[in-house]
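Structure, as structure tokens:
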Amino acid sequence: MKETDRQLETIKRNTVEIIEEKELKAKIDKSLSSGIPLRVKYGIDPTAPDIHLGHTVPIKKLKDFQDLGHRVLFLIGDFTARIGDPTGRNETRPILSDQDIKRNLSRYREQAGKILDLEKTEFVYNSSWLAPLSLSDLIRITSIFTIAQVLERDDFSKRYREGKPIFMQEFLYPLLQGYDSCALQADVEIGATEQKFNLLAGRTMQEAMGQEKQAVITMPILVGTDGRMKMSKTYNNHVPLQSQPEEMFGRLMSITDTAMEEYYRLLTREREAVFLEDISSDPRKAKSKLARQIVGEYFGLEAGEKAETEFDRVFREKQAPSDIPGFKVEPGLEDVQGMVLVIDLISAAGLAPSRSEARRLVIQKAVKLDDEIVADPSARLKIRDGQVLKVGKRKFARLEKS
RNA sequence: GGGUAGGUUGCGGAGUGGCCAAUCGCACCAGACUGUAAAUCUGGCGGCUUACGCCUUCGGAGGUUCGAAUCCUCCCCUGCCCA
């Protein structure tokens, strides 16, 4: 009994809702007495190959379960990805091709492994049970729900009200996700709050199929670096796991001050009293401590510290980074007198997407050669080996001449 | 099947014959400032062998016109109403 409460305590940290807590408790009890671990399901769409910090919130919860001795079923929705989960979207998702999906799969494992113990994680693909379903199977599944029930879902009703298209296949999505729970005989399913409808569909479906209903745990949705919208790659306010430590550090430094508290709470183990004090006494320091901790978690403490030093160097002291990518100045760029047009140099070095953009940057005084502003777009420069070209705050190239 | 409203530059959304590369908001970029790639302010934000010049763009294809995102024809896509 005592152990059950202890487990429940750990599980409850940072959750938004547990449906139903009583059921979960009973499941834990049963698991403890029988020695059979709970089957904890978490599903992800292999639509975008990158996990970002927002995804780590529920994944960290999986880790909690893992540490408590339970079994994590990491579901890759390779089949449902073809449908596209409409959750949280006002529009239809593009359908991915088989190749796209396949290409994305392997990277998940690697990234999830930064949080989860892969030895104890079972990766499952829902195509293995969804693909063989027959039409009559599908009809049986669809007969469990009514149109009105599915339409009740927030994003569907919103789209319906706004006169935006909803395709039949999207309607199927929650049902198939629910069916996944049946196929896996899940005891618990974890998801972000926006997944609630889909998670509950699992309960309905399991009950209809004569299984014990899964407990549903919803986790908060991490706000993006803008501090307003949820973290999502499409809003470009995300912090991907797969990146350079320096890049991750920088992205974390760009979160709005108001988001710091949430990031500390959901992404670190820092004690509440400590980070609240840090934030109120010195916000800048608190933010870099946060960034250092998170970078440290994924790349190691040393990398976290190095990223911080580098950040200070480049953005606070406005010096060149210690490691600047080199760019070989080909003789073809130079004119007869050995001079190079700035705009040619910038675009050849890949520091601007187009020559027009390069021109604008020059005019805006964003371009420096060895700390000297080059403001004339028609300027011709004499390049010496080892000079540093800086474009904007973040783009550098060390010029090499052979 | 009938009727009707729409499809505009990353997103949202103006524009309904020349003043439109196309208002504005968001996102993004740059500069200033600062406590940071926060906040705030200012500017930029299709492309071009170097730019009061040229080229491409407003669902697609044709057409009218000196001139079209704006008018016409056909086609494709979406919403709503009726059946």
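Chain A is the first sequence line, chain B the second, and so forth, proteins listed ahead of strands; every chain is numbered from 1. These numbers come from the heavy atoms of this one structure, side chains and all, not from hydrogens, waters or symmetry mates. Here the structure is a predicted model, which means the values were calculated and not measured.
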- Query: So which one's nearest nucleotide on RNA chain B is more toward 5', A:I343 or A:I373?
  - Reply: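 That would be A:I373.
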
Using the closest heavy atom to pick a nucleotide of RNA chain B for each, name whichever of A:V391 or A:K318 lands nearer the 5' end.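 Its nucleotide being nearer the 5' end, the pick is A:V391.
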
For [N], which nucleotide is its Watson-Crick or G-U wobble mate, given both distances must be under 3.5 Å?
N	result
B:rA68	none
B:rC45	none
B:rG1	B:rC82
B:rC74	B:rG60
B:rC26	B:rG10
B:rC19	none

[atom1] of [X] versus [atom2] of [N]: gap in Å, rounded?
X	N	atom1	atom2	answer
A:R228	B:rC28	CZ	P	9 Å
A:N237	B:rC11	CG	C1'	13 Å
A:I363	B:rG31	CD1	C1'	13 Å
A:E317	B:rU34	CD	P	16 Å

Self-check item: Any donor-acceptor N/O pair under 3.5 Å between B:rG35 base and A:D282 side chain
Solution: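 Result: no qualifying N/O pair found.
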
**Message:** Any N or O donor-acceptor pair under 3.5 Å from the base of B:rA37 to the side chain of A:R251?
**Reply:**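 Result: no qualifying N/O pair found.
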
_Using a 4.0 Å heavy-atom cut-off, does A:E246 contact any base of the nucleic acid, only the sugar-phosphate backbone, or nothing at all?_
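Since a base atom lies under 4.0 Å of A:E246, the category is base.
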
For A:L252, answer base if it contacts any base atom (sugar-phosphate contacts may also be present), sugar-phosphate if it contacts only those atoms, and nothing otherwise; contact means non-hydrogen atoms under 4.0 Å.
->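 No contact at all - A:L252 keeps every heavy atom at 4.0 Å or more from the nucleic acid.
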
Do the side chains of [X] and [Y] get close enough for a salt bridge, i.e. N-O under 4.0 angstrom?
X	Y	value
A:K27	A:E23	no
A:K63	A:D67	yes
A:E246	A:K306	yes

Would you mind telling me which of [options] lies closest to the side-chain atoms of [X]?
X	options	answer
A:Q364	B:rG43, B:rG47, B:rA38	B:rG43
A:R359	B:rC80, B:rG35, B:rU50	B:rU50
A:R316	B:rA39, B:rU36, B:rA37	B:rU36

Query - Neighbour count >12 (heavy atoms, 6.0 Å) for atom CD, A:E119 - result: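 At most 12 heavy atoms, drawn from other residues, nucleotides or ligands, come within 6.0 Å of this atom.
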
Exercise for the section: Describe, in one word, how the ring planes of A:F171 and A:F156 are oriented to each other, choosing from parallel (under 30°), tilted (30 to 60°) and perpendicular (over 60°). Expected result: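 Judged by the thresholds at 30° and 60°, the geometry between A:F171 and A:F156 is tilted.
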
